[in-house]
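Below is one structure, written out as structure tokens, with a few remarks after it.
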Amino acid sequence: MRRYHVRGAREEASEGFPLVFTTALPALDGVLARTGCLERAMVQALFALMAVLPDTNLLHRGGAAGLDFVRDEARSVLEAGGVLAPDWRERALVLHRACVARRLSPGGSADLLAATWFVHHQRRGAERP
């Protein structure tokens, strides 16, 4: 969004979705290797994206304050251990409820999570004989 001087979906796509490869896949792979739990791995990847992505959907719905809120809260979850912490699910639900109450939706992060899922499956297919 030009108004906020951030890259949008077009720029992310034109650059080959760098956050998928530098942020989301490492988060997904790391948790998957440690836990074997795909749900946890996907949630970790989502929080990793939410913590860094200048999500234009959040900017549209909540302005800079909404984006900062979600990014700060996602970082807080990650700093507390992310999905490896015993209370990870409750922390995730607290942030979910706070976003609903503020009418915030990290749609850009969700879109990149879908791209991460796609790349993850493509890589798994390439590893099979």
Side-chain angles (χ1 to χ4, degrees):
M1 297 177 82
R2 289 183 189 160
R3 174 176 159 190
Y4 294 103
H5 306 289
V6 298
R7 297 170 346 116
R10 286 185 183 142
E11 292 83 9
E12 185 73 16
S14 71
E15 293 173 13
F17 300 102
L19 288 177
V20 167
F21 295 95
T22 63
T23 301
L25 280 170
L28 186 144
D29 291 342
V31 169
L32 200 53
R34 288 188 69 179
T35 68
C37 178
L38 188 56
E39 176 190 20
R40 283 182 174 198
M42 292 292 286
V43 172
Q44 186 80 357
L46 178 61
F47 276 103
L49 288 165
M50 288 167 53
V52 299
L53 180 69
D55 192 320
T56 56
N57 196 44
L58 288 170
L59 284 168
H60 177 73
R61 289 173 173 247
L67 174 64
D68 290 344
F69 170 77
V70 170
R71 290 171 93 178
D72 291 345
E73 292 300 312
R75 284 187 198 114
S76 176
V77 169
L78 293 170
E79 289 168 2
V83 299
L84 300 177
D87 63 345
W88 73 270
R89 190 179 304 276
E90 183 55 36
R91 284 177 172 272
L93 288 171
V94 166
L95 180 50
H96 165 71
R97 290 180 191 120
C99 286
V100 169
R102 290 169 173 81
R103 300 184 50 84
L104 298 172
S105 174
S109 295
D111 290 343
L112 287 181
L113 181 64
T116 301
W117 177 249
F118 175 78
V119 172
H120 171 73
H121 275 282
Q122 292 301 308
R123 289 188 324 179
R124 283 185 51 211
E127 293 170 0
R128 293 185 183 136

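Every heavy atom of this structure was used, including side-chain atoms; hydrogens, water molecules and symmetry mates were not.
The minimum heavy-atom distance between A85 and A80, with the atom names listed, is CB-O, 3.4 Å. Heavy-atom minimum distance, D55 versus G107: OD2-N, 3.6 Å. Heavy-atom minimum distance, A24 versus A45: O-CB, 3.6 Å. Taking both residues in full, the closest heavy atoms of V20 and A115 are given as CG2-CB, 3.9 Å, listed atom of the first, atom of the second, then distance. Considering all non-hydrogen atoms of both residues, A51 and A74 come closest at N-CB, 3.7 Å.
In the hydrophobic cluster analysis, where Ile, Leu, Val, Met, Phe, Trp and Tyr join through side-chain heavy atoms closer than 4.5 angstrom, L93 is grouped apart from L78. Hydrophobic clustering, with ILVMFWY side chains joined whenever heavy atoms are under 4.5 angstrom apart, groups F21 together with V31. The hydrophobic cluster containing L38 also contains V119, counting ILVMFWY residues as joined when their side-chain heavy atoms lie under 4.5 angstrom apart, directly or transitively.
Put simply, the side chain of N57 never gets that close to the backbone of P106: no donor and acceptor are under 3.5 Å apart. Put simply, the side chain of R61 never gets that close to the backbone of L104: no donor and acceptor are under 3.5 Å apart. For T116 (side chain) and L112 (main-chain N/O), a donor-acceptor pair under 3.5 Å exists by modelled atom type.
Taking CG of L32 as the start and SG of C37 as the end, the distance is 8.5 Å to the nearest 0.5 Å. Remark: R123 CZ to F118 CZ distance equals 12.5 Å, nearest 0.5 Å. Considering NE2 of H120 and CH2 of W117, their distance stands at 5.5 Å, rounded to 0.5 Å. Expressed to the nearest 0.5 Å, how far CE of M50 lies from CG of D72 amounts to 11.0 Å. Taken from CG in L53 to CZ in R71, the straight-line distance is 7.5 Å, to the nearest 0.5 Å. With rounding to the nearest 0.5 angstrom, the OG1 atom of T23 is 4.5 Å from the CG atom of L19.
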Pair V70-C99, side-chain contact (heavy atoms from CB on, under 4.5 Å): steps then yes or no: CA-CA 8 Å; V70 170; C99 286; 3.8 Å; yes
S109 vs L46, side-chain contact (heavy atoms from CB on, under 4.5 Å): CA-CA, chis, key distance, verdict: CA-CA 6 Å; S109 295; L46 178 61; 3.9 Å; yes
Check against side-chain contact (heavy atoms from CB on, under 4.5 Å), L28 and Q44: CA-CA 6 Å; L28 186 144; Q44 186 80 357; over 6 Å; no
Verdict with reasoning, F69 to L95, per side-chain contact (heavy atoms from CB on, under 4.5 Å): CA-CA 10 Å; F69 170 77; L95 180 50; 4.0 Å; yes
